[in-house]
Amino acid sequence: MAGIKDVAAEAGLSVATVSRVLNGHPSVSEDARRRVTAAVERLGYRPNAVARSLRTDQTRTLGLVISDVMNPYFTELARSVEEEARALGYSVIIGNADERPDLQDHHVTTLLDRRIDGLLVSPTDGGSPGMLGAARAGTPMVFVDRWLPGVDVPVVRSDGRAAVRDLVAHLHALGRRRLAIIAGPAATTTGRERVDAFREALAAHGLELPDAYIGQGDFQAGSGRRVTEGFLDLPEPPEVVFAADNLMALGALDAIRARGLRVPDDIGLAAFDDIPWFVHTDPPVTAVAQPVRDLGRAAVRALVDRIEGRPGESVTLPARLVVRRSCGEGDAGIESPSPVRRSTP
């Protein structure tokens, strides 16, 4: 592999001159700049980013630790983060925690060892020691989607409470009264928040959420199947199952079909976290959609602000209800956006 000395020899210049060209120093001549550029292209030279980071104390690299790369929500989030980071002159290294705190810590430690400039994290469960230690040590960090109360880190997330209220009002208008939820992990903020929002929305219509209609899931398809099977075994099964994420909704759909039942004729299905697949299921699934791409962009901007010495701003964006046909709507369809709300941590 070619080094800077090879570039200097090829260009017929000193190593010092080549270094100044590569680092954008204004004192070099246009002729020297052309000769170095041509030599770099001929030799396929790539600057040593690690060595450069030791000189500048910056690698122009961000770390992103997501909860589950198999979840389409996080896949889209990672893509949005990478696109925005690239537009701002940063690269991104991604770590998949697979909903495991130990794996989350492994990725955080590895990324910090690689001298990344800042971290975007969607905390798994209640966080993990390494991630919490990095936050408290002053590592530039932003929580995205999930957050940890009491940790002084900007949070970029969506607020689904209004959309869940819209969903319950919609189901109530359809005459559905027995509504159940497949909840996410209680250790996560999103898991708790979605159950609380659902319970509050039911209460607004004089409906209760019995314990039998709350199934504990883990944001994975298998738990959606297991919980839905339990609902279907009840003496009085729910009329609609609301899954607190897209993978659990797909698991619920599998369980319903395995019993020879039809959605929505025998039981309705709704989901939190809309995904492109939902328009292709039969019937298309009614869902609460988060502004995933906007969340990714806002998270990167907040992190870059922290890296560059500006106060990172927490951002809350509204989710919205997308009505399709999985709860007995026929051919109806609406989308209900809400205004953006911003806050400081």
Side-chain angles (χ1 to χ4, degrees), residues 158-184 190-217 219 223-225 227-257 259 261-275 277-279 281-290 318-338:
S158 70
D159 183 352
R161 288 183 181 272
V164 171
R165 287 197 299 270
D166 290 343
L167 171 65
V168 172
H170 168 67
L171 297 175
H172 190 272
L174 291 173
R176 308 285 189 153
R177 300 294 183 268
R178 301 193 310 275
L179 310 180
I181 185 169
I182 308 173
T190 48
R192 296 191 300 272
E193 186 179 72
R194 292 169 194 176
V195 173
D196 290 345
F198 191 60
R199 193 192 307 274
E200 291 168 7
L202 288 171
H205 291 276
L207 303 176
E208 294 184 353
L209 182 61
D211 290 343
Y213 282 4
I214 305 174
Q216 190 60 59
F219 289 144
S223 68
R225 286 191 295 271
V227 170
T228 302
E229 288 166 356
F231 288 155
L232 295 175
D233 287 335
L234 292 172
E236 192 171 40
E239 295 173 293
V240 177
V241 172
F242 174 47
D245 92 324
N246 50 60
L247 293 182
M248 294 192 299
L250 293 174
L253 188 59
D254 286 345
I256 293 167
R257 288 175 172 170
R259 295 288 182 99
L261 303 175
R262 292 180 58 82
V263 175
D265 299 342
D266 300 304
I267 187 169
L269 177 65
F272 201 103
D273 281 344
D274 195 21
I275 53 176
W277 305 341
F278 283 163
V279 299
T281 59
D282 184 18
V285 176
T286 291
V288 171
Q290 299 194 73
R320 60 187 174 87
L321 175 63
V322 180
V323 172
R324 297 190 178 104
R325 292 190 287 111
S326 61
C327 298
E329 297 91 344
D331 293 325
I334 63 170
E335 297 187 359
S336 306
S338 305

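Just the heavy atoms: all of them, side chains too, but no hydrogens, waters or symmetry mates, feed the values below.
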What are the two closest heavy atoms between [X] and [Y], and how far apart are they?
X: Leu174; Y: Cys327; answer: CD1-O, 3.5 Å
X: Leu269; Y: Ala252; answer: CD1-CB, 3.9 Å
X: Ala201; Y: Arg165; answer: CB-CA, 3.9 Å
X: Val195; Y: Ala183; answer: CG2-CB, 3.3 Å

Main-chain N/O of Gly184 paired to Arg194 side chain as donor or acceptor, under 3.5 Å: no

Main-chain N/O of Glu239 paired with Arg176 side-chain donor or acceptor, under 3.5 Å: yes

Whether over 12 other heavy atoms sit under 6.0 Å from Arg259 CZ: yes

Atom pair [atom1]/[atom2] of [X] and [Y] - distance to nearest 0.5 Å:
X: Ile275; Y: Asn246; atom1: CD1; atom2: CG; answer: 4.5 Å
X: Ile182; Y: Tyr213; atom1: CD1; atom2: OH; answer: 13.5 Å
X: Leu179; Y: Phe242; atom1: CG; atom2: CZ; answer: 10.5 Å
X: Leu202; Y: Arg199; atom1: CG; atom2: CZ; answer: 9.0 Å

Do [X] and [Y] come close enough that some side-chain heavy atom pair is under 4.5 Å?
X: Ile267; Y: Leu232; answer: yes
X: Pro283; Y: Ser326; answer: yes
X: Glu200; Y: Val164; answer: no
X: Phe231; Y: Ile181; answer: no
X: Ile256; Y: Val241; answer: no
X: Thr286; Y: Leu321; answer: yes
X: Thr190; Y: Phe219; answer: yes

His205 and Arg177: CA distance, side-chain angles, deciding distance, side-chain contact (heavy atoms from CB on, under 4.5 Å) verdict: CA-CA 9 Å; His205 291 276; Arg177 300 294 183 268; over 6 Å; no

Stepwise side-chain contact (heavy atoms from CB on, under 4.5 Å) test for His172 and Leu207: CA-CA 10 Å; His172 190 272; Leu207 303 176; 4.1 Å; yes

Test side-chain contact (heavy atoms from CB on, under 4.5 Å) applied to Thr228 and Met248, step by step: CA-CA 9 Å; Thr228 302; Met248 294 192 299; over 6 Å; no

SB check Arg257 Asp266 (cutoff 4.0 Å): no

Verdict with reasoning, Leu167 to Phe272, per side-chain contact (heavy atoms from CB on, under 4.5 Å): CA-CA 10 Å; Leu167 171 65; Phe272 201 103; over 6 Å; no

Side chain to side chain donor-acceptor pair (under 3.5 Å), paired with Asp274, selected from Arg320, Arg324, Gln290: Arg324

Side chain to side chain contact (heavy atoms under 4.5 Å, CB included) partner of Val263, the single match among Asp282, Thr281, Leu253: Leu253

